[in-house]
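For clarity, every value in this text was computed on a predicted model and none was experimentally measured. For the single chain, residues carry numbers from 1 onward in sequence order.
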Amino acid sequence: MEPIIFIVLVLIGYALGSAKLINQGNEALVERLGRFHRKLKPGLNFIVPFVDQIVMEDTTREQFVDIKPQNVITKDNIYLEVDAVLFWRIRDIEKSFYAIDDLQGALSQLATTTLREIIARNTVEETNLSRSDMDKAILDQLNDTTADWGVHIIRLDIQRITPPESVRKSMEEERAAVIKKRAVITEAEGDNIAAIKRAESTRTSVQIIAEALRTHPETKDILRYLVAQNYVEASQKLGESNNAKIVFVDPANSSEMFQELIAESVNAEGNSKNTENGAN
């Protein structure tokens, strides 16, 4: 019985030593006698004890590297402080282990160098305006290198670009000037539209009055009365003011001037209609 027990114990120990459980989202590398043998996928795997050895187990999920704030000089010789985060994922665990030592350190150094190089090609204004294009250029350049490491760079987020105090002040003044200019233009356009509307309203009013005078001659007396009444009310308001200057105008003359204006409008409208009738 003792040899049987011994054999059973050996088999149990062999089974326990050969069974390897890999968690979901991870992969492992197995070397046999010091050389790469195979990859272990998530789940229950078996290896040969004392011959096979798991040398590395790592996640294939998305990871990130925090790029510490870097002092970068732009194309127009302005120093900027840039802070970014790099997101990446292992695609080939074999390459990530055998092709590069200290993968995360290498990614951090590569991202920092590439970030400096891309920003150095742009001015401060271009850096702020074309950040998406700059991110794409950085990703393309990073992936060209990291493909040999079995790593895919998903994205690089530039969290903050901090220019010197003097540059920030100049940029704020420039933005304020642009906003002020836009407000002045908007106000001028509004005044122009209002003036056009007032002119159109006055023209319409004169046309209505001219039409009423042409069709109803008796309304001339009513119009003279209204002009005289407005003149009296305006004179009273000016007289009530302490520092007002009163200018006397002959109501009769002002009425005649207004009648001449209306007569000209009536004649112009009549000539226009006669021309249209003649054309028909």
Side-chain angles (χ1 to χ4, degrees), residues 14-75 80-122 126-127 130-162:
Y14 181 83
L16 293 175
S18 62
K20 298 295 180 184
L21 184 64
I22 305 300
N23 295 326
Q24 183 67 36
N26 289 2
E27 287 185 354
L29 295 179
V30 175
E31 288 183 353
R32 175 166 289 180
L33 300 177
R35 300 188 65 179
F36 171 73
H37 177 56
R38 65 189 178 98
K39 299 177 186 177
L40 300 184
K41 299 296 183 179
L44 183 62
N45 298 268
F46 293 94
I47 63 174
V48 178
F50 308 111
V51 177
D52 293 342
Q53 180 183 5
I54 296 178
V55 294
M56 184 258 222
E57 180 179 347
D58 203 349
T59 180
T60 57
R61 291 170 291 183
E62 184 174 328
Q63 304 180 66
F64 72 92
V65 174
D66 187 13
I67 308 299
K68 296 180 180 180
Q70 302 291 322
N71 291 323
V72 183
I73 186 169
T74 62
K75 185 178 179 180
L80 301 176
E81 187 178 76
V82 182
D83 186 10
V85 177
L86 181 72
F87 294 87
W88 59 283
R89 175 184 286 120
I90 293 177
R91 281 192 170 178
D92 190 334
I93 193 170
E94 180 183 354
K95 288 183 178 180
S96 70
F97 182 72
Y98 291 106
I100 185 71
D101 188 22
D102 188 8
L103 178 59
Q104 291 205 9
L107 288 173
S108 178
Q109 292 298 322
L110 179 64
T112 301
T113 304
T114 306
L115 185 63
R116 288 178 175 175
E117 181 181 347
I118 296 298
I119 291 180
R121 301 176 188 172
N122 299 275
E126 292 170 346
T127 301
S130 59
R131 189 173 298 187
S132 59
D133 295 336
M134 190 168 58
D135 290 347
K136 184 178 182 302
I138 294 173
L139 282 181
D140 292 341
Q141 191 164 330
L142 286 174
N143 279 314
D144 288 342
T145 302
T146 59
D148 296 333
W149 301 345
V151 171
H152 174 64
I153 306 299
I154 300 171
R155 65 186 180 277
L156 186 140
D157 293 339
I158 298 178
Q159 295 182 316
R160 184 176 64 254
I161 297 179
T162 308

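- Going from atom CG of Leu29 over to atom CZ of Arg38 covers 11.5 Å, rounded to the nearest 0.5 Å.
- Lys75 is linked by a salt bridge (charged side-chain N to carboxylate O under 4.0 Å, His left out) to nothing, counting only residues two or more places apart in sequence or in another chain.
- With rounding to the nearest 0.5 Å, the separation of NE2 in His37 from CD in Gln53 is 13.5 Å.
- Residues forming a side chain to side chain donor-acceptor pair (under 3.5 Å) with Arg91 (at least two apart in sequence, or on another chain): none.
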Please tabulate, for the side chains in residues 97-110, all donor-acceptor contacts under 3.5 angstrom to protein atoms that are two or more places apart in sequence or on a different chain.
residue : atom : partner : partner atom : Å
Tyr98   : OH   : Glu31   : OE2          : 2.7
Asp102  : OD1  : Gly105  : N            : 3.2

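- Evaluation of the side chain to side chain contact (heavy atoms under 4.5 Å, CB included) rule for Arg35 yields no partner, not counting sequence neighbours.
- Screening residues 40-55 for salt bridge (Lys or Arg N to Asp or Glu O under 4.0 Å), with sequence neighbours left out, gives Glu27-Lys41, Arg32-Asp52.
- Among Val85, Val65, Leu86, the single residue meeting the side-chain contact (heavy atoms from CB on, under 4.5 Å) criterion with Leu156 is Leu86.
- Remark: side-chain polar atoms of Asp66 are not paired, donor with acceptor, to backbone N or O of Phe64 under 3.5 angstrom.
- Under the salt bridge (charged side-chain N to carboxylate O under 4.0 Å, His left out) criterion, Asp157 pairs with Arg155, not counting sequence neighbours.
- By the side chain to side chain contact (heavy atoms under 4.5 Å, CB included) test, Asn26 pairs with Ile22, Asn23, Glu57, Thr59, Arg61, sequence neighbours left out.
- By the salt bridge (charged side-chain N to carboxylate O under 4.0 Å, His left out) test, Arg89 is found to be paired with Glu62, residues two or more places apart in sequence or in another chain being considered.
- Residue Val30 forms a side-chain contact (heavy atoms from CB on, under 4.5 Å) with just one option from Val48, Ile54, Val55, Asn45, and that option is Ile54.
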Determine all donor-acceptor pairs shorter than 3.5 Å in which one atom belongs to a side chain in residues 141-153; sequence neighbours excluded.
residue : atom : partner : partner atom : Å
Gln141  : NE2  : Glu117  : OE1          : 3.0
Asn143  : OD1  : Ile153  : N            : 2.8
Asn143  : ND2  : Leu139  : O            : 3.2
Asn143  : ND2  : Ile153  : O            : 3.4
Thr146  : OG1  : Leu142  : O            : 3.1
Thr146  : OG1  : Val151  : O            : 3.2

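- Contact check for Ile67 versus Val82: no side-chain heavy atoms found under the 4.5 Å cut-off.
- For Asp92, the side chain to side chain donor-acceptor pair (under 3.5 Å) criterion is met by Lys39, not counting sequence neighbours.
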task = May I have the step-by-step check of side-chain contact (heavy atoms from CB on, under 4.5 Å) for Leu115 and Ile158, ending in yes or no?
result = CA-CA 9 Å; Leu115 185 63; Ile158 298 178; 4.0 Å; yes
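- Residues that satisfy the side chain to side chain donor-acceptor pair (under 3.5 Å) test with Thr74, not counting sequence neighbours, are Asp76.
- Of all heavy-atom pairs between Gly25 and Pro42, the closest is N-CG, 4.1 Å.
- In terms of heavy-atom proximity, Gln63 sits nearest to Asp58 at NE2-OD1, 4.4 Å.
- Checked against side chain to side chain donor-acceptor pair (under 3.5 Å), Gln70 has the following partners two or more places apart in sequence or in another chain: Arg116.
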